[in-house]
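Here is the structure we will look at, set down as structure tokens.
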Amino acid sequence: MARRPGAPAAYGEDFSFINPLVKYLLFFFNMLFWVISMVMVGVGVYARLMKHAAALASLAVDPAILLIVVGILMFLLTFCGCIGSLRENICLLQTFSLCLTIVFLLQLAAGVLGFVFSDKARGKVNEIINNAIVHYRDDLDLQNLIDFGQKKPVFLEHLLLPGSMVCRSSKPETGLKELTAECVKQNIYTTFSCCGGISYKDWSQNMYFNCSEDNPSRERCSVPYSCCLPTPNQAVINTMCGQGMQALDYLEASKVIYTNGCIDRLVNWIHSNLFLLGGVALGLAIPQLVGILLSMILVNQIKDQIKLQLYNQQHRADPWY
């Protein structure tokens with residue numbers, strides 16, 4: 001039977017606008033991050049349960065709580081994308097795309113605002129560090145994080161070249177592994193080498209390290225061991241090396257501990273590693289943009305498929321169809 005003039009071309013019964021590649025690529029993409037989110041929640045819950053009850057005083061700076069919250073949000077977001085792509089559900093896919101777009105824009109806005117209002121961002125970082133100092137002894141995870149930050153090794157492999165000015169070896173044929181061991185002996189590892197936020201005296205904000213005369217703590221007027229200068233060939237770490245350091249002036253204290261604050265060190269590290277940070281930001285942005293693009297493509301394909309089905313139903317009884 002002749003087709004009515006101007007009518008769309010007929011498609012076969014098995015024809016579908018939905019591309020299986022797009023559908024299952026989005027599904028496995030979300031499945032991967034769904035599993036990662038469950039692992040994050042599990043690790044966060046385990047870390048939280050293993051802590052002492054006293055750690056409840058520092059929930060705002062608790063890495064375990066932060067891990068749980070991020071994991072739950074990531075779980076819900078990837079759930080929408082995973083189930084939405086598998087069941088071809090427009091509502092879930094649009095929710096996934098919208099939330100992912102909001103997350104991306106918030107990250108972009110945070111980066112731009114942090115760059116434009118660098119002074120305010122610096123003040124906020126200082127506030128966070130001071131709060132962490134106050135709760136240093138309340139949370140073991142936070143304590144380890146601060147100690148790691150104050151002595152964080154920044155090891156640049158590209159500087160470790162045989163015969164380089166950074167780390168020399170007496171043997172020209174020395175390989176990278178042997179040179180690395182030689183650099184450890186020469187203490188060539190660069191560190192943040194910092195103590196406190198602005199200076200080492202910031203540790204007086206902690207009740208255990210406070211210099212007030214009525215402080216009964218054995219650590220009165222001290223600083224954590226992570227503030228101490230490294231001792232060559234030290235087999236056992238002296239955790240009391242910072243005893244009484246806050247009572248000394250900068251010149252005397254600098255002979256035993258790092259006196260510079262971590263904020264300035266952090267700012268300097270950021271300025272010298274802008275390309276690295278840009279690569280990390282790009283690495284975070286690409287998966288988000290891919291997820292947004294795939295979800296929008298799949299939503300449009302589902303809508304076209306629905307239109308096709310409705311068209312076929314409406315014109316099935318049309319004698320000119």
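Small disclaimer: the values here were computed from a predicted structure and weren't measured.
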*Are the sulfur (SG) atoms of Cys262 and Cys195 separated by under 2.5 Å?*
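Cysteines Cys262 and Cys195 do not qualify as a disulfide pair, their SG atoms being 2.5 Å or more apart.
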*Check disulfide (SG to SG under 2.5 Å) between Cys221 and all other residues, then give those that pass, not counting sequence neighbours.*
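With sequence neighbours excluded, Cys221 shows a disulfide (SG to SG under 2.5 Å) to Cys211, given in chain and number order.
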*How would you list, by chain and number, every residue that makes a disulfide (SG to SG under 2.5 Å) with Cys80, sequence neighbours excluded?*
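Cys80: no disulfide (SG to SG under 2.5 Å) contacts found.
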*Test side chain to side chain donor-acceptor pair (under 3.5 Å) on Ser217 and Asn215 and set out the steps.*
CA-CA 6 Å; Ser217 173; Asn215 183 8; 4.6 Å; no
*When you look at CG of Leu108, are more than 12 heavy atoms from neighbouring residues, nucleotides or ligands closer to it than 6.0 Å?*
yes
*asked:* Within the supplied structure, the quantity of interest is the number of heavy atoms (other residues, nucleotides, ligands) at a distance under 6.0 Å from Met207 CE; does it exceed 12?
replied: no
*Below 4.0 angstrom, N of the basic side chain to O of the carboxylate: do Arg220 and Glu213 qualify?*
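No salt bridge links Arg220 with Glu213.
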*asked:* Counting the benzene-type ring for Trp, do Tyr250 and Tyr200 have ring centres under 6.0 Å apart?
replied: yes
*asked:* To check you understand the geometry: which heavy-atom pair defines the closest contact between Ser97 and Ile292, and what is its length?
replied: OG-CG2, 3.9 Å
*Do the side chains of Phe104 and Leu93 join up, straight or via other hydrophobic residues, at under 4.5 Å, putting them in one cluster?*
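No; Leu93 is not reachable from Phe104 via cluster members.
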_CE-NZ distance between Met245 and Lys255, expressed to the nearest 0.5 angstrom_ =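 Rounded to the nearest 0.5 Å, the CE-NZ separation comes out at 11.0 Å.
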*Would you please test Arg122 and Asp264 for salt bridge (charged side-chain N to carboxylate O under 4.0 Å, His left out) and show each step?*
CA-CA 9 Å; Arg122 184 189 179 99; Asp264 289 334; 2.2 Å; yes
